[in-house]
A.B. asks: 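One structure follows; several queries about it will come next.
Keep in mind that the numbers below use all heavy atoms, side chains included, and drop hydrogens, waters and symmetry copies. Numbers restart at 1 for each chain; the letters A, B, ... are given by sequence-line order, proteins then strands.
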2 protein chains.
Amino acid sequence: MVSIDDLSASQEDYLEAIFHISEEKMAARAKDIAKYLDVKASSVTGALRILGKHELINYAPYDLITLTDKGRVIAEEIVYRHRALEKFLVKVLGIEREDADAAACKMEHHVPKAIIERLVKYAEYVDHCPRGGVSWESGFGYYCKHGCTDQDCERCVGEMEIQSQKLV
Amino acid sequence: MVSIDDLSASQEDYLEAIFHISEEKMAARAKDIAKYLDVKASSVTGALRILGKHELINYAPYDLITLTDKGRVIAEEIVYRHRALEKFLVKVLGIEREDADAAACKMEHHVPKAIIERLVKYAEYVDHCPRGGVSWESGFGYYCKHGCTDQDCERCVGEMEIQSQKLV
DNA sequence: GTATTTTTTTAGGCACGCCTTACTTATTAT
DNA sequence: ATAATAAGTAAGGCGTGCCTAAAAAAATAC
């Protein structure tokens, strides 16, 4: 039995690609996958054979490619991770959507599930309770641009002392 | 000229290992590195030759292994990333230190530099301005355990309505 | 219905990074 | 000093995942 943890990063990418292409066109063809992942068609064939062998996709040479039920469950998990990461990067860290998407692609295979769950929870928290958490504009975003502007900030007092010492 | 971006994940691991071992013992030996990374001694040799060729370490057979200046700069960058990630996971997301360390090991090679910088900034912000940001105990940690407890929370009103409808 | 084009597959190759086995070099103990 | 042990190297293998080039199959055009 194959679980999501048995898949390599590239196999996850293939499954993810098939999932997205299938959403649009009912079934994927090797050509679409190659284009989506920017690899040669011949590289796709090998990957498809493996995914087929693991019964994650319905694969027969020259035939249309679809996800099996098992494959769809795993593909959805992968897509969920990607979206969760991207949302976190945008909503919490204020990364530009495009950059966040690119970063999520790079990171998604290497972030443990437990961490993803926490990111989701955190993003949800910030989203849900902007007063308790951090709303980007007024909180972290402002800090990024202007630093700490709290006159009574205890930490800043310390830093100012250090600054003064340097100036002497 | 070799930059940090030219290193594979495993080369980064080797450099990181040498850095940490050197901190304790002045110089590293292949055996220590093999143990540190849980890899066979013979696997270490090849990696050392490459790092040596790139002038990131001073390497001569049977001799002690030390970082070159160039190597130390890169190693410090790698360690910085690891620590930044770990700090973020612990301080912001409330992950247990050990889990955070393990996750950081898995993630550190795949998080773009720009994202690391943002994580650092965010952790700094939360650390610096717990009032504006989120202190773990009172903010996100509490939310994780009890959910939203704000009586006047607009979002929760919506959710309660949904809940009520379900109960009907 | 054959010819052309597109799509897919096969075959063979390369780089990486790890492994094992066999060998060489150093160190340590007696 | 030499035997035993520890440490390091060389050579060759394996799996992954990509590539190119060329053959085979399918789709399309005439």
A.B. asks: Is it the case that more than 12 heavy atoms not belonging to A:E23 sit under 6.0 Å from its CD atom?
C.D. replies: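 Atom CD in A:E23 is packed in, count exceeds 12.
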A.B. asks: I need the CD1-P distance between B:I50 and C:dA15, as an integer number of Å.
C.D. replies: 12 Å
A.B. asks: So which pairs with a foot in residues 54-63 of chain A pass salt bridge (charged side-chain N to carboxylate O under 4.0 Å, His left out), sequence neighbours left out?
C.D. replies: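 As it turns out, the salt bridge (charged side-chain N to carboxylate O under 4.0 Å, His left out) pairs with a partner in residues 54-63 of chain A, which skip direct neighbours, are A:E55-A:K70.
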A.B. asks: NA contact type, B:S43, heavy-atom cut-off 4.0 Å: base, sugar-phosphate, or nothing?
C.D. replies: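 Base contact.
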A.B. asks: Please list, in numerical order, the residues of residues 53-62 of chain A that have a heavy atom closer than 4.0 Å to any atom of DNA chain C.
C.D. replies: A:Y59, A:P61, A:Y62
A.B. asks: May I ask whether B:L85 and B:V79 are part of the same hydrophobic cluster, defined by side-chain heavy atoms of I, L, V, M, F, W, Y residues being less than 4.5 angstrom apart, directly or through others?
C.D. replies: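 No, B:L85 does not connect to B:V79 through the hydrophobic network.
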A.B. asks: Taking atom CD as the centre, does A:E96 end up with more than 12 heavy-atom neighbours from other residues, nucleotides or ligands that are less than 6.0 angstrom away?
C.D. replies: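 At most 12 heavy atoms, drawn from other residues, nucleotides or ligands, come within 6.0 Å of this atom.
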A.B. asks: Could you check whether any side-chain heavy atom of B:R97 comes within less than 4.5 Å of a side-chain heavy atom of B:E86, counting everything from C-beta outward?
C.D. replies: yes
A.B. asks: Find the distance B:L7:CG to C:dG17:P and express it as a whole number of Å.
C.D. replies: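 Interatomic distance, CG of B:L7 to P of C:dG17: 10 Å.
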A.B. asks: Going hydrophobic residue to hydrophobic residue with side-chain gaps under 4.5 angstrom, can you get from A:V111 over to A:Y80?
C.D. replies: yes
A.B. asks: Group every Ile, Leu, Val, Met, Phe, Trp and Tyr by side-chain heavy-atom contacts under 4.5 Å, then state whether B:M107 and B:I78 land in the same group.
C.D. replies: no
A.B. asks: Rounded to the nearest Å, what distance is computed from the CG atom of residue B:L64 to the C1' atom of nucleotide C:dA26?
C.D. replies: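 Value for this atom pair: 13 Å.
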A.B. asks: For DNA chain D, note the earliest and the latest nucleotide, 5' to 3', having some atom under 4.0 Å of a heavy atom belonging to chain A.
C.D. replies: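 The contact span of chain A on DNA chain D goes from D:dG17 to D:dA26.
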A.B. asks: Taking 4.0 Å as the cut-off, does a side-chain nitrogen or oxygen of A:R49 come that near to OP1 or OP2 on C:dT9?
C.D. replies: no
A.B. asks: Tell me: CG of A:L48 to P of C:dT9, nearest whole Å?
C.D. replies: 7 Å
A.B. asks: Would you mind reading off the distance between B:L51 atom CG and C:dG17 atom P, rounded to a whole angstrom?
C.D. replies: 10 Å
A.B. asks: Would B:I50 end up clustered with B:V39 when hydrophobic side chains under 4.5 Å apart are linked, directly or stepwise?
C.D. replies: no
A.B. asks: Specify whether B:H110 and A:H110 have parallel, tilted or perpendicular ring planes, treating 30° as the upper limit for parallel and 60° as the lower limit for perpendicular.
C.D. replies: parallel
A.B. asks: How would you label the contact of A:T45 with the nucleic acid (heavy atoms, under 4.0 Å): base, sugar-phosphate, or nothing?
C.D. replies: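 Base: the residue A:T45, judged by heavy atoms under 4.0 Å, touches a nucleobase.
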A.B. asks: I need the residues from residues 23-42 of chain A with at least one non-hydrogen atom less than 4.0 Å from DNA chain D; give them sorted by number, or say none.
C.D. replies: A:V39, A:K40, A:S42
A.B. asks: Under 3.5 Å, sequence neighbours excluded: what are the donor-acceptor pairs made by side chains of residues 26-37 of chain B?
C.D. replies:
unit_1	atom_1	unit_2	atom_2	d
B:D32	OD1	B:K25	NZ	3.4
B:D32	OD2	B:R29	N	3.2

A.B. asks: Test of understanding: with side chain to side chain donor-acceptor pair (under 3.5 Å), list the residues that count as partners of A:D99, not counting sequence neighbours.
C.D. replies: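 Side chain to side chain donor-acceptor pair (under 3.5 Å) check on A:D99 returns nothing, list empty.
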